[in-house]
Protein chains: 2
Amino acid sequence: MVVYAGQGDPERTLALLWRTPGDGPPRRGPKPALTVDAILAAGIAVADESGLDGLSMRAVGERLGKTAMALYTYVPTKRELIDLMYDHAHAGLVPGLPGDWRQAVEAWAVALHERYLRHPWLLQVSHARPVLGPHEQTVLERLLEVLPDVAVRATVSALFSLVRGSARTIAENRGAAAGTGTSDQEWWTARSRLMNDLVPDFADRFPRSAGLPPVAWDKAAREAFAGGLNLLLDGLENQAGRRNG
Amino acid sequence: MVVYAGQGDPERTLALLWRTPGDGPPRRGPKPALTVDAILAAGIAVADESGLDGLSMRAVGERLGKTAMALYTYVPTKRELIDLMYDHAHAGLVPGLPGDWRQAVEAWAVALHERYLRHPWLLQVSHARPVLGPHEQTVLERLLEVLPDVAVRATVSALFSLVRGSARTIAENRGAAAGTGTSDQEWWTARSRLMNDLVPDFADRFPRSAGLPPVAWDKAAREAFAGGLNLLLDGLENQAGRRNG
DNA sequence: AACAATAGCTTATGCCGTAAGGAGTTGGAA
DNA sequence: TTCCAACTCCTTACGGCATAAGCTATTGTT
């Protein structure tokens, strides 16, 4: 499932995101048994455990001892709930970054990468038409504070692509391992055996791929992330240096 | 929806992917009214029009004048159908690449980027536990043929992240525009007005973000892709040069 | 005491993937 | 020629989903 942000009533969503205090007259009916925060926490817990596909209004309600429909008093639709969860899960990232810009950018990328791995469902929420909540905005602001003054737009975009792409690969890998019960090694050896039988001329047709098994083990993927980040930062340093001298 | 590849019977899937000819005895029952290829084409057409969320077995069957259940004779599950569609949609990419490695890598990335934009649902199929069909394998092999002999693993990973990340942003943006009926400009100005009302101190709290509106218009996103690719290739050239001299 | 507003329930609608099983069609064996 | 095994494709059914509609019970205000 891919979720596009901000489809509901934008005013209501933004008010919830930025927590404009309810300005209406004092509430009249029965006391609310829930809060938006409690629903958020429950939703994040469910999504952490079962992914965004396992996040149903029923499941969130059940975790709070309520029915699915009870949530609709607090949150307009499931989409808005995910928007709120998304922003909330970005809270408290990178409070302080080192002074050296290259180290700082690297630290930023690693921290975001780790956050994505802690809440893999974040990667299923679209990055276009941004939610623009306070916490994700802070993450972006921190990066902009340390980025050298060159190709900012392209660098931001490339960094997000790299971090999200790598995290996605690792998260999906973990999900596949957990969901199927077969480890990477098991899967790969079984797959290799089958391929040998079915496509015996594989090594002839794809000599370089055959020499580079496209396995995305956790460790290999992390190294690839570090290496890719290094490449990008090299390029950035190069361009910044060229510009300044 | 995110789809993990290769969950079904791996042998059957691989046989379908690589089209090991049906080796059994001559068919006995009524003549098949469908073919796997026809189902694939119909599935791709549906996914192109309505995305992977709109891809239901009922919809694919309907396009072929059949019921949903008729498809299950040819394809074990929906998942396998998506795997087959995924590989098929990679066919015929980058038949020839220029001699200069930097130009070649750039051409490869641009071609893949365009392919993703033509079939945005490709981006919703997981890249972990690869489908390993012949067409996607060819795409990887072409890249490996032209890549300089440095940090191959990291470069491949970073390139895929960049291409997929950028394409995802653009595709999601288009999807949001098409789905909501509001253009980027409309959306952005409306959102700005609301933010001004709800968060009047935004520019004070996020001065750099405020100076860099995180809009992902088609054109801006394409430029960001080109710029990010340049950064990465600069870094690669840098490392390759350092190694060779 | 009466009322307006609100919370949270039950019910219902129309989607989805696909399991189960039945009806009709075909080629080969007897 | 007859008959059956193999095969295609259908109908039906199940349990899941988001959420619309409408009901009841609770609360603060008048």
Side-chain angles (χ1 to χ4, degrees), chain A residues 1-4 7-9 12-13 22-39 42-43 46-47 50-85 121 124 179, chain B residues 1-4 7-9 12-13 22-39 42-43 46-47 50-85 121 124 179:
Chain A
M1 174 174 52
V2 163
V3 176
Y4 298 99
Q7 306 286 4
D9 176 10
R12 172 106 186 255
T13 310
D23 43 9
R27 332 301 248 73
R28 191 175 289 201
K31 294 199 168 25
L34 295 177
T35 62
V36 173
D37 279 319
I39 294 175
V46 170
S50 332
L52 217 51
D53 290 339
L55 181 83
S56 69
M57 298 303 267
R58 284 167 174 81
V60 177
E62 198 168 347
R63 182 171 285 254
L64 295 164
K66 305 282 171 193
T67 66
M69 293 310 291
L71 308 180
Y72 283 92
T73 305
Y74 303 89
V75 161
T77 71
K78 185 185 180 187
R79 215 183 276 278
E80 328 284 320
L81 170 59
I82 294 178
D83 283 0
L84 294 174
M85 287 166 51
W121 49 271
Q124 294 178 48
Chain B
M1 176 173 53
V2 162
V3 176
Y4 298 100
Q7 305 286 6
D9 175 11
R12 172 103 187 257
T13 309
D23 42 9
R27 329 303 244 75
R28 191 175 290 203
K31 297 204 168 17
L34 295 177
T35 62
V36 173
D37 279 319
I39 294 176
V46 170
S50 333
L52 218 50
D53 291 336
L55 181 82
S56 68
M57 298 302 267
R58 286 169 172 82
V60 177
E62 199 167 348
R63 183 172 285 255
L64 296 164
K66 306 281 171 196
T67 67
M69 293 310 290
L71 308 179
Y72 282 91
T73 305
Y74 303 90
V75 162
T77 71
K78 186 186 180 186
R79 214 183 278 277
E80 327 284 320
L81 170 59
I82 294 177
D83 283 1
L84 295 174
M85 285 166 51
W121 49 272
Q124 294 178 46

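A, B, ... follow the sequence lines: proteins, then strands. Residue 1 opens every chain. Hydrogens, waters and symmetry mates play no part in the numbers below; they use all other heavy atoms, side chains included.
Counting only heavy atoms from C-beta on, A:K78 has its side chain closest to D:dT19 among C:dT26, D:dT19, D:dC9. Counting only heavy atoms from C-beta on, B:K31 has its side chain closest to C:dT26 among C:dT18, C:dT26, C:dA7. Residue A:T67 places its side chain closer to C:dC9 than to any other of C:dC9, D:dT27, D:dC7. Side chain of A:P30, nearest nucleotide from C:dG24, C:dC9, D:dT27: D:dT27.
When each of B:A33 and B:R58 is assigned the nucleotide of DNA chain D bearing its nearest heavy atom, the one mapping closer to the 5' terminus is B:A33.
One atom, CE of A:M57, and another, P of C:dC9, lie 13 Å apart when rounded to the nearest Å. Rounded to a whole Å, the CD atom of A:E62 is 12 Å from the P atom of D:dA18. Residue A:L71 contributes atom CG, which lies 16 Å from atom C1' of D:dA20 at whole-angstrom precision. Whole-Å rounding puts the B:Y72 OH to D:dC10 P distance at 14 Å. Rounded to an integer number of Å, the gap from B:L34 CG to C:dT25 C1' is 15 Å. Atoms CG (A:L81) and C1' (D:dC17) sit 15 Å apart, rounded to a whole Å. Atom pair B:L52:CG and C:dG17:P shows a separation of 10 Å (rounding to whole Å applied). Rounded to whole Å, the distance from CG on B:L64 to P on D:dC9 is 11 Å.
At a threshold of 4.5 Å between non-hydrogen side-chain atoms, the residues A:V46 and A:E62 do not count as touching.
Remark: the backbone N or O of A:L55 is paired with a side-chain donor or acceptor of A:K78 at under 3.5 angstrom.
Base contact: B:M69 has a heavy atom under 4.0 Å from a base atom.
Closest of all the heavy-atom pairs between B:M85 and B:A47 is CE-CB, 3.8 Å. Nearest heavy-atom pair across B:A33 and B:Y74 is N-OH, 3.4 Å. Minimum heavy-atom separation, B:G54 to B:A59: O-CB, 4.0 Å.
Within the 4.0 Å cut-off from OP1 or OP2 of C:dA7, not a single side-chain nitrogen or oxygen of A:Y74 is found.
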